[in-house]
Amino acid sequence: MALKKHILELQKKRQEVQMGGGEKAIEKQVAMGKMTARDRINTLLDENSFQEYDMFVQHDARDFDMAKKVLHGDGVVIGTGNVSGKPVCIFAQDFTVAGGSLGLMHSRKIVKIMDHALKMKVPLIGINDSGGARIQEGVNSLAGYGEIFFRNTISSGVIPQISVILGPCAGGAVYSPALTDFVFVVENISKMFITGPEVIKTVLGEEISMEDLGGARVHSEITGNAHFFAKSEQECFDQIKKLLSMIPANNKRKAVKTTPKPPKAAYKIGEIVPEDPSLPYDVRDVIKAIVDDSDFFEIMQNWAANMVIGFGRMNGETCGFVCNQPLVMAGVLDVDSSDKAARFIRYCDAFDIPIITLEDLPGYLPGVDQEHAGVIRHGAKILYAYSEATVPKLTVILRKAYGGGYIAMGSRHLRADFVFAWPTAEIAVMGPEGAANIIFRKEITEASDPNEMRRQKVQEYKEKFANPYVAASRGYIDSVIAPEETRNILLHALEVSVEKKVELPDKKHGLPPF
Ligand code: HXC
């Protein structure tokens with residue numbers, strides 16, 4: 001009987017906490033199309049798998065009338081559970097409680113679950129819905145964020161860290177995600193900024209909406225802060241599940257292997273690349289013609305779309321794809337596409353995921369805009385990332401491989417293990433037109449028919465250099481292969497690379513061009 005009383009009391013206490021900021025605040029949250037923190041966790045995790053901790057934690061702030069305030073769970077829900085049967089650590093900030101703002105005890109809860117994730121070597125998922133550092137708690141809130149940033153950094157490359165932005169997130173609530181591996185946003189719901197419109201109005205006298213300042217589209221199309229864009233919270237959770245199914249739980253494991261499946265017959269690899277090198281095509285069709293079941297999981301689809309990155313499986317094993325996209329700006333390398341590829345290469349390398357590069361690009365993008373945006377520094381990141389990566393690196397040159405682009409996109413010289421080229425490959429310092437205009441300028445200008453002379457010289461250059469055989473004669477590429485042979489040759493290359501082990505020189509760490 002006495003026990004029953006205690007149980008009833010426990011249930012009552014739990015219910016109180018589960019009401020977060022109260023009925024009204026929850027109604028407001030739901031009216032904005034948002035789930036509550038616990039609903040989010042329960043929707044994302046396997047049914048009944050969530051185990052919550054620190055439910056009864058309270059803040060102990062005293063300033064600004066805080067002593068009178070009860071903040072249930074101090075505005076954050078933490079715990080462990082499963083996604084598709086695999087364990088994860090998770091936290092979800094509760095915007096209904098003081099705007100999900102981060103006070104000292106709130107931060108200690110997050111830190112506790114982060115420490116568990118690192119210790120247990122399982123992925124960490126953070127659902128962020130927070131106005132950032134709790135203003136009333138002053139430096140204690142800043143200290144809390146500092147502890148989180150430190151753990152984000154120390155855990156980087158050991159366990160996957162996934163951030164979900166599901167509300168207006170400011171300050172530390174966006175800097176922690178920026179330190180994690182993958183950031184998910186949802187249309188109309190996610191906002192990210194270091195300071196909100198209110199502060200901007202006060203400091204700069206400018207009015208701007210939260211959406212224009214840092215909405216989901218801004219971050220998935222303009223800034224590159226977000227890796228995945230969804231139209232609803234449910235779609236976002238499905239994306240997270242898919243991602244988790246394709247990546248390893250930590251840096252000592254492999255992703256779960258699936259039953260090998262051939263690509264779908266609809267993707268005919270020999271018919272995708274047009275014969276005319278000036279015509280575009282969608283490189284994702286080539287990827288889909290190579291990977292198991294034509295299932296390609298693209299990352300950062302709407303930012304720096306001249307570079308395509310993502311995961312696909314080869315005979316059931318996850319591989320990372322880094323591919324120029326001729327459909328967008330001819331697949332050129334620029335500041336953003338270099339950043340995008342370099343970071344992804346480092347992700348694959350940290351988590352032991354082989355990298356497959358599909359190459360077709362006219363080189364680095366020339367021009368004042370790019371030079372002033374720092375294309376030298378940013379473009380160097382991709383050189384660094386490929387050179388440093390010790391996972392199996394396989395490259396297929398589909399068509400153009402010009403200049404710095406040839407070197408940058410996983411060339412033999414940056415230690416690709418296997419480099420293949422289709423017969424349509426053109427490997428040279430620059431494209432035939434540009435090259436002919438420079439090296440045959442005198443002959444062209446002095447000819448009685450300069451246009452005819454240019455045509456002849458372009459043809460001459462093409463025959464000499466715009467093919468894969470010069471590179472093949474030097475051993476810079478290993479084989480010239482037919483498109484239809486690509487999947488099997490890559491599968492073979494992956495198979496023989498399974499035990500690859502490369503030691504880099506002993507050093508504390510290198511200095512990538514951050
Ligand atoms: C304390 C906060 C808060 C905060 C919101 N609230 N942010 N309380 N500290 N940082 C409270 C509000 O007072 C309000 O409480 C409730 O949460 C909901 O907030 P609203 O403003 O009504 O919501 P909305 O209009 O949707 O605006 C959300 C917002 C805005 C854009 C996040 O609240 C905002 O701009 N907050 C401040 C953002 C910010 O500058 N944070 C500090 C960042 S510095 P009531 O009781 O009225 O419901 C930082 C340091 C880290 O984080 C440094 C990183 C390097």
Side-chain angles (χ1 to χ4, degrees), residues 19-37 58-76 91-108 110-111 126-153 163-180 183 185-186 188-216 218-219 223 225:
M19 282 312 289
E23 238 166 77
K24 267 207 173 129
I26 292 177
E27 271 170 24
K28 203 174 153 195
Q29 173 98 345
V30 173
M32 285 191 283
K34 295 163 68 177
M35 294 186 200
T36 63
Q58 264 299 329
H59 73 90
D60 56 7
R62 291 293 167 261
D63 296 325
F64 303 105
D65 276 350
M66 285 295 283
K68 291 186 217 144
K69 285 193 181 159
V70 175
L71 300 181
H72 285 308
D74 206 28
V76 64
F91 71 83
Q93 293 175 311
D94 184 350
F95 196 80
T96 69
V97 179
S101 58
L102 182 134
L104 183 64
M105 295 311 290
H106 178 126
S107 73
R108 286 196 179 153
I110 294 180
V111 158
I127 300 181
N128 299 268
D129 189 357
S130 163
R134 187 174 296 152
I135 297 162
Q136 298 91 326
E137 293 201 33
V139 71
N140 272 334
S141 321
L142 301 180
Y145 266 126
E147 293 292 330
I148 292 170
F149 300 160
F150 174 78
R151 282 165 179 79
N152 284 136
T153 308
S163 295
V164 198
I165 309 294
L166 290 181
C169 290
V174 294
Y175 268 118
S176 168
L179 289 166
T180 63
V183 176
V185 291
V186 175
N188 297 327
I189 289 177
S190 312
K191 322 273 185 261
M192 300 172 78
F193 26 74
I194 52 170
T195 46
E198 206 64 44
V199 178
I200 291 181
K201 198 172 159 194
T202 313
V203 178
L204 302 172
E206 288 170 14
E207 298 234 17
I208 186 161
S209 71
M210 277 199 229
E211 193 61 36
D212 289 342
L213 181 61
V218 167
H219 289 299
T223 66
N225 283 330

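Just follow the structure's listing: the first ligand is 1, and inside any ligand the first atom is 1. A quick note: this is a predicted structure, and the numbers were derived from the prediction, not measured.
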message: Between His219 and Val185 (side chain of the first, backbone of the second, donor and acceptor by atom type, cut-off under 3.5 Å), is there such a pair?
response: no

message: To check your reading of the model: name the closest protein heavy atom to atom 9 (N) of ligand 1, its residue, and the distance in Å.
response: Ile135 N, 3.0 Å

- line: Near Ala170 (heavy-atom distance under 4.0 Å), the atoms of ligand 1 are 38 (C), 39 (C)

query: Among all protein non-hydrogen atoms, which one is nearest to atom 6 (N) of ligand 1, and what is the separation to 0.1 Å?
result: Ala98 O, 3.9 Å

query: Considering only protein heavy atoms, which is closest to atom 35 (O) of ligand 1, and at what distance to one decimal place?
result: Gly196 CA, 4.1 Å

query: Atoms of ligand 1 less than 4.0 Å from Ser101 heavy atoms?
result: 1 (C), 3 (C), 4 (C), 8 (N), 9 (N)

query: Which ligand 1 atoms does Gly171 reach within 4.0 Å, using its non-hydrogen atoms?
result: 43 (C), 49 (C), 52 (O)

field: Nearest neighbour of atom 39 (C) of ligand 1 from the list Gly131, Gly99, Gly100, Gly132, on a heavy-atom basis
entry: Gly131

For atom 19 (O) of ligand 1, the protein heavy atom that lies nearest, with its residue and separation: Phe95 CZ, 4.0 Å

query: Would you call Arg134 a ligand 1 contact, heavy-atom distance under 4.0 Å?
result: yes

query: Just heavy atoms, cut-off under 4.0 Å: does Leu142 contact ligand 1 by side chain, backbone, both, or neither?
result: side chain

Identity and separation of the nearest protein heavy atom to atom 31 (C) of ligand 1: Met210 CE, 3.8 Å

- prompt: Is the closest heavy atom of Lys191 to ligand 1 under 4.0 Å?
  reply: no

- prompt: Any idea which of Ala173, Ser130, Ala133, Gly21 brings a heavy atom closest to atom 49 (C) of ligand 1?
  reply: Ala133

Candidate list Gln93, Glu137, His59, test side chain to side chain donor-acceptor pair (under 3.5 Å), partner His106, passing option: Gln93

